[in-house]
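Take a look at the structure set out below.
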Amino acid sequence: MSAPQQPADVPVIAIDGPSGTGKGTIAGALARRLGWHLLDSGALYRCLGLAAERSGIDLDDGDALGALAARTTVRFDGERVLLDGEDVGDEIRTAEAGPRASRVAVHPQVRDALLSWQRAAARPPGLIADGRDMGSTVFPDAALKIYLDASPEERAKRRYKQLIDKGIDANLHDLVKTLRERDALDRGRRHSPLTVAEGAFVIDSTALPIDQVLECVIDAVRRALPAIDVGTRDVSPH
Ligand code: DC
């Protein structure tokens with residue numbers, strides 16, 4: 001996954017935060033609204049976790065995972081995520097895929113291998129970058145940094161509802177526990193931990209419906225990037 005560095009003149013909006021805050025939904029809606037590119041960095045770690053599992057690579061073996069990252073290709077094609085050419089959209093969204101990605105993501109060899117690839121996603125007219133370390137490490141010069149938060153209980157409730165709506169059996173208590181464990185791993189790792197980047201605008205979405213969160217984000221874009229036309233293009237976050 002190697003690629004050149006990011007062009008300096010492309011504006012980036014970094015959206016970071018723990019899992020289940022609606023980051024992906026907000027990032028997608030904002031990218032459509034602005035007509036900008038979208039980087040779902042979590043999907044890269046999810047793909048790498050899947051590739052590791054398929055190759056039988058130990059999730060604690062940072063060197064082997066770093067080498068795997070360097071020879072793996074991930075491509076986004078609309079809604080599709082292609083791992084070495086294969087659409088793995090469903091496999092990277094299973095219950096195991098998130099925690100597995102989180103384990104893969106602790107290794108500096110992996111993060112280094114993915115860094116220039118992520119920076120190269122910044123192409124004109126602009127990039128919305130969704131992840132954990134977009135504002136702190138990958139795009140420290142981002143024009144706007146947003147940190148989206150919500151309580152673990154609320155995030156687990158949203159996840160519970162999504163699963164039940166899909167007809168998938170779920171246990172709220174287990175979901176809270178899994179989310180807390182993933183938060184601890186993402187916040188506690190030594191390299192590029194999940195943190196509020198300097199200068200980030202923090203939005204707590206615990207009590208906010210998703211369309212109001214999007215409005216807050218758009219207000220922040222208007223203030224930070226007054227020259228950008230935020231328009232009225234499709235903003236539906238659903
Ligand atoms: O955003 P997500 O749930 O798809 O991310 C899955 C995992 O990938 C997350 O728990 C930690 C890791 N990740 C990361 O370490 N850095 C990122 N920029 C994005 C994701």
Side-chain angles (χ1 to χ4, degrees), residues 1 6 12-28 30-31 37-53 59-60 62 65-66 68-69 72 74 76 79-81 83 88-122 127-140 142 145-150 152 155-156 158-159 162-163 175-197 200 205:
M1 295 191 199
Q6 137 197 29
V12 173
I13 297 177
I15 306 185
D16 291 303
S19 43
T21 50
K23 263 181 312 123
T25 308
I26 294 294
L30 192 59
H37 298 283
L38 175 66
L39 171 66
D40 173 2
S41 62
L44 298 178
Y45 293 94
R46 286 170 181 265
C47 279
L48 197 61
L50 178 62
E53 172 126 327
L59 299 187
D60 293 325
L65 290 169
L68 178 68
T72 298
V74 176
F76 297 96
E79 299 283 289
R80 299 193 317 150
V81 181
L83 167 62
V88 291
D90 291 336
E91 284 100 320
I92 62 164
R93 301 286 162 208
T94 61
E96 310 80 59
R100 188 173 56 204
S102 189
R103 284 185 62 193
V104 160
V106 301
H107 301 291
Q109 299 94 323
V110 167
R111 306 202 75 87
D112 287 351
L114 297 184
L115 191 59
S116 61
W117 194 95
Q118 294 176 87
R119 287 185 175 153
L127 179 73
I128 310 295
D130 159 9
R132 302 289 186 291
D133 62 339
M134 297 296 99
S136 56
T137 304
V138 181
F139 299 110
K145 300 177 187 181
I146 305 245
Y147 186 92
L148 206 50
D149 210 352
R155 289 186 277 134
R158 292 175 191 167
R159 179 78 184 133
Q162 279 170 353
L163 291 170
L175 288 173
V176 176
K177 184 168 169 284
T178 311
L179 264 180
R180 284 187 186 280
E181 284 167 1
R182 185 129 73 100
D183 285 357
L185 201 55
D186 291 347
R187 290 200 173 105
R189 67 177 175 232
R190 186 167 334 161
H191 304 278
S192 292
L194 169 64
T195 182
V196 180
S205 77

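Source: prediction; values computed, not measured. Start at 1 and go down the list; that is how both ligands and their atoms are numbered. Values below: all heavy atoms of this structure, side chains included; hydrogens, waters and symmetry mates excluded.
- Short contacts between ligand 1 and A105, defined as distances under 4.0 Å to a heavy atom of the residue, involve ligand atoms 12 (C), 15 (O).
- Counting only heavy atoms from C-beta outward, the side chains of R159 and L179 never approach each other to under 4.5 Å.
- Salt-bridge formation is not detected for the pair R189/D133: no Lys NZ or Arg NE/NH1/NH2 atom is positioned less than 4.0 Å from an Asp or Glu carboxylate oxygen.
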Output, in order, the C-alpha distance, side-chain angles, deciding distance and verdict of side chain to side chain contact (heavy atoms under 4.5 Å, CB included) for L115 and R111.
-> CA-CA 6 Å; L115 191 59; R111 306 202 75 87; over 6 Å; no

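- Considering backbone and side-chain atoms alike, D40 places every N or O at 3.5 Å or more from each N or O of ligand 1.
- Ranking protein heavy atoms by distance to atom 20 (C) of ligand 1, first place goes to G42 CA, 3.5 Å.
- Of the candidates H191, R93, R111, R182, R111 brings a heavy atom nearest to atom 16 (N) of ligand 1.
- Listed by number with element, the atoms of ligand 1 under 4.0 Å from a non-hydrogen atom of G131 are 18 (N), 19 (C).
- Across all their heavy atoms, A142 and A14 have their closest contact at CB-CB, 4.1 Å.
- Numbered from 1 in the order shown, with element, the atoms of ligand 1 that lie under 4.0 Å from a heavy atom of M134 read 18 (N).
- Close contacts of ligand 1 with A101, meaning ligand atoms under 4.0 Å from a residue heavy atom, involve 6 (C), 7 (C), 8 (O).
- Considering every non-hydrogen atom in both A200 and V196, the closest pair reads CB-CG1, 3.9 Å.
- At under 3.5 Å, a nitrogen or oxygen of R46, whether backbone or side chain, sits near a nitrogen or oxygen of ligand 1.
- In plain terms, the two heavy atoms of L59 and R100 that are nearest each other are CD1-CG, 3.6 Å.
- Scanning all protein heavy atoms for the shortest distance to atom 19 (C) of ligand 1 gives S41 OG, 3.4 Å.
- No donor-acceptor pair closer than 3.5 Å links the side chain of R80 to the backbone N or O of G89.
- Residue D130 has no N or O atom closer than 3.5 Å to an N or O atom of ligand 1.
- Among the atoms of R189, some N or O lies under 3.5 angstrom from an N or O of ligand 1.
- Nearest protein neighbour of atom 1 (O) of ligand 1, counting heavy atoms only, is R132 NH1, 2.8 Å.
- Judged by distance alone, with hydrogens and angles left aside, the side-chain atoms of K145 form a donor-acceptor pair with the main-chain N or O of G135 at under 3.5 Å.
- Taking all atoms of both residues into account, the shortest heavy-atom contact from R187 to Y147 is NH2-OH, 3.8 Å.
- Of the polar atoms of Y45, none of the N or O atoms is found under 3.5 Å from an N or O of ligand 1, judged by distance alone.
- Across all non-hydrogen atoms, the minimal contact from F139 to L127 is CZ-CD2, 3.6 Å.
- Under 4.0 Å from ligand 1, the heavy atoms of D186 that appear belong solely to its side chain.
- The closest approach between K23 and ligand 1 falls below 4.0 Å for a heavy atom of the residue.
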